[in-house]
Amino acid sequence: MSVIAFVNQKGGVGKSTTAINTGAYLVVHGKKVLLIDMDPQSNATTGLGFRPENIKQSIYDGLSGKPF
């Protein structure tokens with residue numbers, strides 16, 4: 001198993017786009033991919049076609065210790 005992280009403090013540098021495209025490339029080549037969107041703006045989530053307003057729980061809930 002490998003872990004790949006795209007990190008940059010500055011916004012608007014293409015982190016979400018790069019993560020989505022890298023994940024898609026890996027899936028096409030038979031790899032299993034888990035993409036975790038830690039961005040408060042949910043750009044990777046929306047980029048994958050999910051609507052944030054329809055998501056009832058987020059990574060925030062898990063990190064803050066709220067029960068599921």
Side-chain angles (χ1 to χ4, degrees):
M1 177 177 65
S2 296
V3 176
I4 302 171
F6 297 95
V7 181
N8 191 322
Q9 188 173 4
K10 183 181 180 321
V13 296
K15 296 178 297 290
S16 296
T17 302
T18 302
I20 290 169
N21 289 328
T22 302
Y25 174 86
L26 292 169
V27 166
V28 166
H29 287 82
K31 303 296 182 184
K32 292 182 180 180
V33 174
L34 172 63
L35 180 62
I36 301 174
D37 188 2
M38 301 281 292
D39 181 4
Q41 294 174 319
S42 304
N43 290 329
T45 301
T46 56
L48 291 170
F50 294 97
R51 298 181 59 138
E53 61 270 15
N54 294 337
I55 297 172
K56 298 189 182 357
Q57 295 174 319
S58 70
I59 194 69
Y60 174 80
D61 296 310
L63 292 173
S64 65
K66 290 184 178 181
F68 286 95

Original post:
Can I36 be reached from L63 by stepping across I, L, V, M, F, W or Y side chains whose heavy atoms are under 4.5 Å apart?
Top reply: yes
Subject >> Nearest non-hydrogen partners of S16 and A44, listed with the distance >> reply: OG-N, 3.7 Å
Original post:
Between K10 and K15, which heavy-atom pair has the shortest distance, and what is it?
Top reply: O-NZ, 2.9 Å
Subject >> Minimum heavy-atom distance D61-S64, with the two atoms named >> reply: O-OG, 3.3 Å
Original post:
Do the side chains of M38 and I55 join up, straight or via other hydrophobic residues, at under 4.5 Å, putting them in one cluster?
Top reply: no
**OP:** With rounding to the nearest 0.5 Å, note down the distance linking OG in S42 to CG in L48.
**Re:** 11.0 Å
Subject >> Sole residue of T45, T46, N43 in side chain to side chain donor-acceptor pair (under 3.5 Å) with D37 >> reply: T45
Original post:
Are V27 and V3 connected in the hydrophobic side-chain network, where two residues link if heavy atoms are under 4.5 Å apart?
Top reply: no
Subject >> Taking every non-hydrogen atom, the tightest pair across I20 and G47 >> reply: CD1-CA, 3.8 Å
**OP:** Rounded to the nearest 0.5 Å, what's the gap from OG1 on T18 to CD1 on I4? Could you check?
**Re:** 11.5 Å
**OP:** Hey, could you give me the CZ/CG distance between F6 and D39, rounded to the nearest 0.5 Å?
**Re:** 14.5 Å
Original post:
Same hydrophobic cluster for L26 and M1, using side-chain heavy-atom links shorter than 4.5 Å among ILVMFWY?
Top reply: no
